[in-house]
Amino acid sequence: MNLKMRSLLLLQNTRFLTLATQGEDQFPWASTVEHCVKLNPLRFIWFSSRQAKHSKNIQQNEKVSGSLFNHSLPEMLKFGLDGMQFTGKARELSAMECEDALDEFYPKSPFDEVSTSDTRIPLNQLSGNGHSRFYEITVENLWILDMQSWKDKQESRRVTVPISLLDN
């Protein structure tokens with residue numbers, strides 16, 4: 001499987017990502033969030049409580065990193081897993097952007113096959129005095145596991161995935 005196909009397969013079929021942030025206190029923090037993927041450019045979108053440490057950290061420092069890991073893709077059974085790391089910039093979406101993000105978030109999730117209006121976060125909780133916000137990471141650098149290195153030497157390495165490779 002070529003690098004583009006493998007990367008898209010992993011991006012589009014991994015439910016959670018681990019997000020690493022750091023605020024002004026210089027204390028690193030990792031959080032797992034359910035996300036949706038947008039391409040052109042590559043972005044991850046999720047919603048979180050405004051009071052969550054990672055949300056507060058993003059307000060103080062837009063630079064983030066993270067990882068995705070999947071061990072259940074049939075195409076990866078030969079190795080049993082696949083994963084990638086990324087760096088990028090995160091931001092809170094504006095109130096206007098939240099409405100679009102909410103409409104895109106649930107339908108793009110292959111894991112919420114039946115999303116009724118009562119299981120969705122209400123739009124009024126994503127702006128103003130609401131408890132949560134949508135956030136977006138624009139991915140600047142992306143790496144995927146080097147399966148050949150693992151196969152040959154059981155050495156864990158990464159291969160750079162050019163972001164432009166994923167553009168349609």
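The analysis underlying the following values was restricted to heavy atoms, covering all of them including side chains, and did not include hydrogens, waters or symmetry mates. Keep in mind that what you see is a predicted model, and the values were worked out from it rather than measured.
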- prompt: Which residues satisfy the side-chain contact (heavy atoms from CB on, under 4.5 Å) test with A20, sequence neighbours excluded?
  reply: S65
- prompt: What pairs with D100 under salt bridge (charged side-chain N to carboxylate O under 4.0 Å, His left out), at least two apart in sequence or on another chain?
  reply: none
message: Assess the residue pair F86 and N141 against the criterion (side chain to side chain contact (heavy atoms under 4.5 Å, CB included)); give the C-alpha distance rounded to whole Å, side-chain angles, the decisive distance to 0.1 Å, and a yes or no.
response: CA-CA 5 Å; F86 62 87; N141 299 287; over 6 Å; no
query: Mind checking what makes salt bridge (charged side-chain N to carboxylate O under 4.0 Å, His left out) contact with R50, not counting sequence neighbours?
result: none
query: Can you tell which of E136, E97, E104 makes a salt bridge (Lys or Arg N to Asp or Glu O under 4.0 Å) with R43?
result: E136
statement: Joining Ile, Leu, Val, Met, Phe, Trp and Tyr whenever any side-chain heavy atoms lie under 4.5 Å apart, the cluster holding M96 also takes in none
query: Where do I45 and K38 come nearest, in terms of heavy atoms and distance?
result: CD1-CD, 3.2 Å
message: My understanding is that only residues two or more places apart in sequence, or in another chain, count here; which of them pass side-chain contact (heavy atoms from CB on, under 4.5 Å) with Q125?
response: I121, P122, H131
query: What is the minimum heavy-atom distance between M84 and L11, and which atoms define it?
result: SD-CD2, 3.6 Å
- request: Could you go through the side chain to side chain contact (heavy atoms under 4.5 Å, CB included) check for Y135 and S55 one step at a time?
  value: CA-CA 8 Å; Y135 297 87; S55 299; 3.2 Å; yes
- prompt: Looking at V64 and A90, what are the two nearest heavy atoms and their distance?
  reply: CG1-CB, 3.8 Å
query: What are the two closest non-hydrogen atoms of W29 and H54, and how far apart are they?
result: CD1-N, 4.0 Å
query: If only atom types and distance count, is the side chain of N61 paired as donor or acceptor with the main-chain N or O of Q22 below 3.5 Å?
result: yes
message: For E99, give me all partners under salt bridge (charged side-chain N to carboxylate O under 4.0 Å, His left out), at least two apart in sequence or on another chain.
response: none
query: Which of parallel (below 30°), tilted (30 to 60°) and perpendicular (above 60°) describes F105 and F47?
result: perpendicular
message: Among residues at least two apart in sequence or on other chains, which ones pass side-chain contact (heavy atoms from CB on, under 4.5 Å) with E24?
response: Q60
- request: Please answer: with hydrophobic residues joined when any side-chain heavy atoms are less than 4.5 Å apart, are V37 and V33 in the same cluster?
  value: yes
message: Among F44, F16, W46, exactly one meets ring-ring contact (aromatic ring centres under 6.0 Å, His included) together with H35. Which residue is that?
response: F44
- request: Determine which pairs satisfy salt bridge (Lys or Arg N to Asp or Glu O under 4.0 Å) with at least one residue from residues 56-66, sequence neighbours left out, and list them in order.
  value: E62-K89
- prompt: How would you list, by chain and number, every residue that makes a side-chain hydrogen bond (donor to acceptor under 3.5 Å, both in side chains) with T18, sequence neighbours excluded?
  reply: none
- prompt: Please, which pairs that meet salt bridge (Lys or Arg N to Asp or Glu O under 4.0 Å) have at least one residue in residues 157-168, sequence neighbours excluded?
  reply: E155-R157
message: Going by the rule side-chain contact (heavy atoms from CB on, under 4.5 Å), which residues pair with M5 if we only count those two or more places apart in sequence or in a different chain?
response: M1, N2
- prompt: Are I163 and W143 co-members of a hydrophobic cluster defined by side-chain heavy atoms under 4.5 Å apart?
  reply: no
message: Run the salt bridge (charged side-chain N to carboxylate O under 4.0 Å, His left out) test against E92 and tell me which residues pass, sequence neighbours left out.
response: R133
